[in-house]
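Fair warning: this is a prediction, and the values are worked out from it, not measured in the lab.
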Amino acid sequence: MNRPRLLILGGTGFLSGALCRLAVVRGVETWIVTRGRRPVPEGVTLIRADRDERDEFAGRVAETGLTWDAVVDCIGFTPGHGEQDVAVFRERTRHLLFISSDAVYDPRRRQHPQPVEPAGFVNHGYGHGKLGCENAIRRGAGDSLAWTILRPPHIFGPGAALGCLPPAFRDPLLPRRILAGEPIALAGGGCFLHQPIYVDDLARVILSLVNANAARGRTLNVPGPAITMMRTYYEALAAALGRELRVEEVSIEGCLKSHPQAAAALCHRLYDPAPVVAAGAELPSTTLEAGMQAVAAALRLDFADDASRSALSHWPQQNINVSVTTQPSVSMKNPHHSQSSNRTDEEPCGRSKRLAAVPSMAALPGCRLLLAGASLLLGMAAGDVRAAARPTDAALARMFAVPGLPADAAQIDWGRLPSVGAPPSLVFRGVENESAFTHHPKIVFWDGRFFAKWNDGYVGEDFPGQRVRYATSADAARWSEPVDLTGREDDRRYTTGGFWIRDGELYALAALRDASGSPPTGKQPVLLAYKWDRRTRRFGDRQVIAVDYFPGNIPERAPDGDWLMLGKGGVGSWGPMKAAKGGVKAINDWNIRDLPGAGTLEEAEWYTLPNRHLVAHFRTRGPNPKVLMRSYSTDNGVTWSNPVLTNFPEAGARHHGVRLSNGMYALLVNPNPANRIPFSIALSKDGLVYDRIANVRAEETSARWAGRAKSKGYHYMRGFEHEGKLYTIYSVNKEDIEVTVVPIAQLEALYR
């Protein structure tokens, strides 16, 4: 059997050196490209070249005449480096792995856990350079070069400057300061949460993904094994040095001004480990304490001055349990580890109120809520998820259990529920005989602006000429004039499919189908995507991404990393319900399957539960019963259980479930079976049983004009969380589009 052949760009640095040493130990034929200014690890073959001398770099690689099983770029920092990777290695490797960073995420728009398709990316500095490199690889690779992008958080270990939080951020003198008994200045006292990863663990993750087909075409966050406070990082280092940490708490505002380059660290940095494990990675296992002991052991050898030697003589001699494991096999395939992750039971600093008061940190939920919910992310390796059984039908049926409300929905006075939310803002007001019907609203925040989208028709729903339009806003209060996305067609109708953030780009989706009351056209229904152009500030030309499919919800990531939509096929409005899964290798790469109970379901929605299983909600097709139905999936949406009727009352409308950053679930719904008043938000702590509910809009309404499928009330609500608020959008009487902003704190208060 031939040895795997690996090329590392770098090879003598902190991470690249660790990866190089591990590859050699595991019997991999290891090559490196470096300028040759540092000692080269034993057992590797050197290509001496400077990547910033592009012709020289390409020539030296070409001179080898070789191809590699994988190329790992540890030193890409600019879009030009990404373009270079594609140009030089397209014909020379089967798999390109690029090591990016979680610094690409805008710290002001962090989500918990942070998805790889975020609410916002940074637009400057180190993270912006890494993001540019990522995008250059995605654009240039096409179908001929397989790639994987890894975004690790804070990496620590011997040989790196230490410190994860300003002002003590990547400070090469940090160990000496601790040894000298100096107080260490930390923003907010170090109360932010994170998942640091030990350098050798990250090297093992990288090697385990080299031959992992499930990782190809994926961007993956790579967290360490435990969620801890950043203060604990410094405490672990101090303990390994035989000292007690002294902390000087400094203001977050001051740190932002004096250390703007470290803004990416001034936030909670939480990630779900399930996607990278499902892609085939070895599970990181080195504890923070063990990693810091290894750091301390290396420092004993490195410190040379008399004062440090004197201080070091008092260090406790500890057994260090961190080493690279020698593998007898040269295979780089993942052996499917199932070890459990380490958890933290520590109490946070209790500074959540003060943190929330900082304007740029307004999106941060309290540490206590986050730490409680964050522990649910750990121990969710693929084996754990598969082993858990789905709930019984009886458990799925019990969905509505609000204390103090009658079990019989007909006896509930829906107008007397608690109220939440700010006064509404008007996005668009319908125009008689032009856009007297407006419906299917969607909302998102992207590139510093809010986007709202809807479809409108001349008089009623689904007639020929129905189109999709959008508006933008800087504050979700004052909206631009509508912009036409699709135009009108004389014999068919467009329906909005929502916004999709994919690989750092924004797409507006729309379905094109035959219209009601018109002869069949014989044309296939299609799902279209329009990509946002940052230069022109407009959506570009349409592209077909699915045939015979209309999504009920926007594509969202399943725990295995695939995109997943639930919707329906067919030409008309009542086609069979289907699930579309994929969208990773290409925007039009979908596996579409029928859902069970397809003839009885309508208006599909789904979200991920804390155990990484999925639950789907539907309205019933037909006049009765007016309750939601549910299905359950234990395999990332590949298969679903037969739907069961629940006890959650609703008006026969569309609803929307959102998992909030504090771990709660919010269900936007019309709970009154009689009509679509009120628009309410129900809350659940586990995503299965909703035990709180409040009204967002409960005023009586009346339509200005008659039209097909029009009725009074608040229709087809959608929402998303941004900077500590839930932004909701809905149509009023299917004539106007409005937005109501609900502070997350108001929802949390329903449990007090």
Side-chain angles (χ1 to χ4, degrees), residues 119 420-458 461 466-488 494-501 506-510 530 532 537-539 553-554 653-656 658 668 670 676-679 681 695-699 701-705 707 710-723 725-743:
V420 294
S425 65
L426 179 67
V427 179
F428 174 74
R429 183 174 174 83
V431 179
E432 187 175 12
N433 296 323
E434 173 69 18
S435 52
F437 173 86
T438 65
H439 200 26
H440 291 95
K442 309 290 192 264
I443 189 169
V444 75
F445 185 85
W446 171 254
D447 201 21
R449 295 191 69 78
F450 293 90
F451 289 73
K453 184 156 62 83
W454 64 92
N455 45 259
D456 66 45
Y458 295 113
E461 184 170 13
Q466 184 171 290
R467 62 185 170 181
V468 175
R469 295 202 283 177
Y470 68 94
T472 65
S473 172
D475 57 7
R478 295 170 295 276
W479 292 85
S480 70
E481 290 298 313
V483 181
D484 203 328
L485 178 71
T486 63
R488 300 188 191 267
Y494 289 93
T495 306
T496 182
F499 295 103
W500 181 17
I501 299 173
L506 176 67
Y507 295 87
L509 305 185
Y530 303 74
W532 179 253
R537 308 293 288 178
R538 289 288 188 271
F539 287 100
N553 59 292
I554 62 171
R654 178 168 292 182
H655 55 286
H656 183 215
V658 182
L668 285 60
N670 299 118
R676 296 182 182 179
I677 302 174
F679 155 30
I681 296 179
N695 288 339
V696 179
R697 297 292 300 275
E699 316 95 273
T701 68
S702 59
R704 298 190 294 276
W705 310 291
K710 291 182 68 174
S711 61
K712 69 175 184 178
Y714 309 96
H715 304 266
Y716 282 39
M717 300 75 63
R718 304 291 301 188
F720 79 101
E721 183 180 353
H722 175 65
E723 294 191 344
K725 300 173 183 176
L726 182 61
Y727 289 80
T728 70
I729 191 169
Y730 46 92
S731 65
V732 182
N733 305 320
K734 298 188 182 179
E735 292 179 343
D736 306 322
I737 305 298
E738 297 187 3
V739 164
T740 295
V741 180
V742 182

Inset, instruction - Tell me, yes or no, whether the heavy-atom count around K710 atom NZ, taken from other residues, nucleotides or ligands under 6.0 Å, exceeds 12. - result: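 For K710, atom NZ is crowded (more than 12 foreign heavy atoms under 6.0 Å).
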Which value, rounded to the nearest 0.5 Å, describes the distance between [X] atom [atom1] and [Y] atom [atom2]?
| X | Y | atom1 | atom2 | answer |
| --- | --- | --- | --- | --- |
| R467 | S435 | CZ | OG | 6.0 Å |
| H715 | I737 | NE2 | CD1 | 10.0 Å |
| M717 | F679 | CE | CZ | 5.5 Å |
| K712 | I677 | NZ | CD1 | 4.5 Å |
| K734 | T701 | NZ | OG1 | 12.0 Å |
| L485 | Y530 | CG | OH | 5.0 Å |

Inset, instruction - Sort out for me which residue in W532, W446, F720, Y507 forms a ring pair (Phe, Tyr, Trp, His ring centres under 6.0 Å) with F451. - result: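 Of W532, W446, F720, Y507, ring pair (Phe, Tyr, Trp, His ring centres under 6.0 Å) with F451 is met by W532 alone.
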Is there a donor-acceptor pair closer than 3.5 Å between any side-chain N or O of [X] and the backbone N or O of [Y]?
| X | Y | result |
| --- | --- | --- |
| Q466 | Y494 | yes |
| Y730 | R697 | no |
| N455 | T496 | yes |
| D456 | F437 | no |
| T740 | P423 | no |
| T438 | E735 | yes |

Inset, instruction - Flag the pair R429 and E434 as a salt bridge only when some basic side-chain nitrogen lies within less than 4.0 angstrom of an acidic carboxylate oxygen. - result: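 The answer is no: the pair does not qualify as a salt bridge.
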Inset, instruction - Check whether any side-chain heavy atom of L506 lies under 4.5 Å from a side-chain heavy atom of D447, and answer yes or no. - result: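 L506 does not reach D447 side chain to side chain.
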Closest heavy-atom pair and its distance - [X], [Y]:
| X | Y | value |
| --- | --- | --- |
| I554 | G497 | CG2-O, 3.6 Å |
| P678 | N670 | O-ND2, 3.2 Å |
| A510 | V468 | CB-CG2, 4.1 Å |
| E721 | L726 | N-CD1, 4.0 Å |
| A476 | V739 | O-CG1, 4.1 Å |
| A477 | S425 | O-CB, 3.5 Å |

Inset, instruction - Could you please spell out the steps behind the side-chain contact (heavy atoms from CB on, under 4.5 Å) verdict for L668 and T728? - result: CA-CA 8 Å; L668 285 60; T728 70; 3.8 Å; yes
Legend entry - Test side chain to side chain contact (heavy atoms under 4.5 Å, CB included) applied to V483 and R538, K453, R537, R469, the passing residue: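 The residue from R538, K453, R537, R469 that satisfies side chain to side chain contact (heavy atoms under 4.5 Å, CB included) with V483 turns out to be R538.
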Inset, instruction - Could you walk me through whether Y714 and E699 pass side-chain contact (heavy atoms from CB on, under 4.5 Å), step by step? - result: CA-CA 10 Å; Y714 309 96; E699 316 95 273; 3.6 Å; yes
Inset, instruction - If the plane angle is over 60° it's perpendicular, under 30° parallel, otherwise tilted; pick one for F450 and Y727. - result: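 Rings of F450 and Y727: tilted, as their planes differ by 30° to 60°.
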Inset, instruction - Hey, can you tell me if Y716 and H440 have their rings parallel, tilted or perpendicular (30° and 60° cut-offs)? - result: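 If you compare the ring of Y716 with that of H440, the planes turn out perpendicular.
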Legend entry - Where at least one partner belongs to residues 477-486, residue pairs that pass side-chain hydrogen bond (donor to acceptor under 3.5 Å, both in side chains), sequence neighbours excluded: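 Counting only pairs at least two positions apart or across chains, the side-chain hydrogen bond (donor to acceptor under 3.5 Å, both in side chains) contacts touching residues 477-486 are D475-R478.
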Legend entry - By side-chain hydrogen bond (donor to acceptor under 3.5 Å, both in side chains) - contacts of R704 (at least two apart):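 Testing R704 for side-chain hydrogen bond (donor to acceptor under 3.5 Å, both in side chains), a comparison that skips the adjacent residues, returns D736.
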Inset, instruction - Quick one: do I501 and V444 satisfy side-chain contact (heavy atoms from CB on, under 4.5 Å)? Show the steps, please. - result: CA-CA 9 Å; I501 299 173; V444 75; 4.0 Å; yes
Inset, instruction - Show your working on side-chain contact (heavy atoms from CB on, under 4.5 Å) between V696 and V420 and close with a plain yes or no. - result: CA-CA 5 Å; V696 179; V420 294; 4.1 Å; yes
Legend entry - Between F499 and Y470, ring centroids under 6.0 Å: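 That pair fails the under 6.0 Å test.
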Legend entry - With W500 via ring pair (Phe, Tyr, Trp, His ring centres under 6.0 Å) - residues at least two apart: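 W500 satisfies ring pair (Phe, Tyr, Trp, His ring centres under 6.0 Å) with W563, W590 once adjacent residues are dropped.
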